[in-house]
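Worksheet for the structure shown next.
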Protein chains: 2
Amino acid sequence: MTKELSLEEVGRSLHSNAIHLLRHVRTEDSAMGIGPAQASALSVVVFGGPLTLNKLAEVEQVRPPTMSRVVEALVKEGLVRRETNRDDRRSVIISSTDKGTKLLHEGRNRREKRLIKLLSKLDANEIRCLGKASRILSKILVAEHS
Amino acid sequence: MTKELSLEEVGRSLHSNAIHLLRHVRTEDSAMGIGPAQASALSVVVFGGPLTLNKLAEVEQVRPPTMSRVVEALVKEGLVRRETNRDDRRSVIISSTDKGTKLLHEGRNRREKRLIKLLSKLDANEIRCLGKASRILSKILVAEHS
DNA sequence: ACTAATGATTAGCTATGCTAAGTATCCAAA
DNA sequence: TTTGGATACTTAGCATAGCTAATCATTAGT
């Protein structure tokens, strides 16, 4: 019989698992030929649509100079466009190119395959358990940032 | 009744949750005064006990040179010891100092408070579910790198 | 029309990931 | 026993990404 975990232990365990899960899929991220910060920013632009640099930095929870450099790299690789906003010429609108959109979807597929390979070691009950846990986590993590 | 999640959806959801959970506690990590890689490595040494550098690199899923540098920084700050193994003088045993153990527990407390605050929105059943899921994740994430 | 505030960039530091190459040690086979 | 390969780690050098401080351009508010 498995021991009941305390709130502290659950928290600690979730934290550890989060770190290692992300490290696990890092390989696939870098297989896209771009780093994790670039991949994550591109993902926001592709799925969320065009937005300003400051907004993108905010969503990604990094400072504007950091995001400015990330976007610069993405522009150089032809994955996003950077155009001055007509309504406010101080600001810049970042949007995805076809190449960026295509690359992101391919990378996502690879990452998912990797996770699926990992998850397929489990039986149906365990998958169901992870599914339930995911819903619960989403609920509290999303609620936090609203 | 909640819909059954597919393998793909579980994978995607776990990935997303991992990213957001880590962002959620990032503030507390950096409040320790050391970077995330150092904090994570120190955590392994404190909770898992002394181990060789290669083993530590493996557990942390980074290359030995990377871990060598991380350990170097921890040694400089007096948080871990690095001693040559008497049984095999090629290898090095990393162990935590009192200072390292103390720092980690303080940081852990801050991080845990943050996570506990998040988790305390949940009822006992949901906590139990997360606990079970954590065990399952640990199993496959650790098994992958053995 | 000034001045203050805002959006973005540049410069420069640190941390962390990698590979390639070097050093020290151990083991195994001639 | 010695020698040659394997193993454990480090060093050197590169790239990405995080930060703050300072700068530039533009907008907004007296």
Side-chain angles (χ1 to χ4, degrees), chain A residues 19-20 22-45 50-77 79-95 107, chain B residues 19 22-23 25-44 50-77 79-95:
Chain A
I19 288 174
H20 289 106
L22 290 183
R23 285 188 173 157
H24 184 82
V25 299
R26 191 167 59 196
T27 322
E28 310 305 321
D29 275 343
S30 68
M32 278 200 289
I34 61 180
Q38 290 178 42
S40 184
L42 180 57
S43 165
V44 169
V45 176
L51 74 178
T52 69
L53 189 139
N54 264 6
K55 190 65 194 168
L56 181 51
E58 189 191 318
V59 170
E60 287 293 278
Q61 297 175 36
V62 298
R63 300 292 175 188
T66 298
M67 188 49 70
S68 187
R69 182 161 5 87
V70 168
V71 166
E72 174 63 25
L74 288 172
V75 167
K76 262 187 187 146
E77 292 162 302
L79 302 174
V80 303
R81 262 181 302 274
R82 187 174 35 180
E83 295 160 321
T84 53
N85 184 353
R86 293 186 172 279
D87 297 336
D88 181 348
R89 293 157 42 75
R90 287 171 301 183
S91 74
V92 171
I93 303 290
I94 317 294
S95 55
Chain B
I19 289 173
L22 289 184
R23 282 183 177 161
V25 300
R26 188 162 67 185
T27 322
E28 314 304 323
D29 274 342
S30 67
M32 277 202 289
I34 60 179
Q38 290 177 43
S40 185
L42 180 58
S43 165
V44 169
L51 75 176
T52 68
L53 188 138
N54 263 7
K55 190 65 193 167
L56 180 53
E58 190 189 318
V59 170
E60 286 295 276
Q61 297 175 42
V62 299
R63 300 292 174 187
T66 298
M67 188 49 70
S68 187
R69 180 156 14 82
V70 168
V71 166
E72 175 64 25
L74 289 172
V75 167
K76 262 189 186 141
E77 291 163 301
L79 302 175
V80 303
R81 262 182 302 276
R82 189 174 31 179
E83 295 159 323
T84 53
N85 185 353
R86 294 186 171 279
D87 297 334
D88 181 347
R89 293 156 44 73
R90 288 170 302 181
S91 75
V92 171
I93 304 291
I94 317 294
S95 55

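All chains are named by letter (A, B, ...) in the order of the sequence lines, taking the proteins before the strands, and each is independently numbered beginning at 1.
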Interatomic spacing from [atom1] in [X] to [atom2] in [Y] - rounded to 0.5 Å:
X      : Y      : atom1 : atom2 : answer
E60(A) : K55(A) : CD    : NZ    : 12.0 Å
L42(A) : L56(A) : CG    : CG    : 10.0 Å
R90(A) : L53(A) : CZ    : CG    : 14.0 Å

ask   = Could you go step by step and tell me if E72(B) and R69(B) meet the salt bridge (Lys or Arg N to Asp or Glu O under 4.0 Å) rule?
value = CA-CA 5 Å; E72(B) 175 64 25; R69(B) 180 156 14 82; over 6 Å; no
query = Side chains of L74(A) and I94(A): closer than 4.5 Å at any heavy-atom pair?
reply = no
key: Criterion side chain to side chain contact (heavy atoms under 4.5 Å, CB included) on V62(B) and V70(B), from CA distance to verdict   = CA-CA 10 Å; V62(B) 299; V70(B) 168; over 6 Å; no
note = DNA chain D nearest-nucleotide lookup for E77(A) and D87(A): closer to the 5′ end is E77(A)
ask   = When you match A39(A) and E72(B) each to their closest nucleotide on DNA chain D, which lands nearer the 5' end?
value = E72(B)
inquiry  = So which atom in G33(A) and which in E77(A) form the shortest heavy-atom distance, rounded to 0.1 Å?
reply    =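 Minimum heavy-atom contact is O-OE2, 4.0 Å.
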request  = Specify the closest pair of heavy atoms between A73(A) and Q38(A), including all atoms of both residues, with the distance to one decimal.
outcome  = CB-NE2, 3.6 Å
ask   = Rounded to whole angstroms, how far apart are CG on L56(A) and P on dA17(D)?
value = 13 Å
ask   = Roughly how many Å is it from CZ in R90(A) to P in dA28(D), rounded to a whole number?
value = 6 Å
query = By a strict heavy-atom criterion of less than 4.0 Å, which residues belonging to residues 63-71 of chain A are in contact with DNA chain C?
reply = P64(A), P65(A), S68(A), R69(A)
query = Counting only non-hydrogen atoms, which of residues 79-86 of chain B are less than 4.0 Å from DNA chain C?
reply = none
key: 5' to 3' contact window, DNA chain C with chain A (heavy-atom distance under 4.0 Å)   =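 It runs dA5(C) to dG17(C).
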inquiry  = Testing V92(B), I93(B), D88(B) one by one against T52(B) for a side-chain contact (heavy atoms from CB on, under 4.5 Å), which residue passes?
reply    = I93(B)
Exceeds 12 heavy-atom contacts within 6.0 angstrom, atom CZ of R82(A) = yes
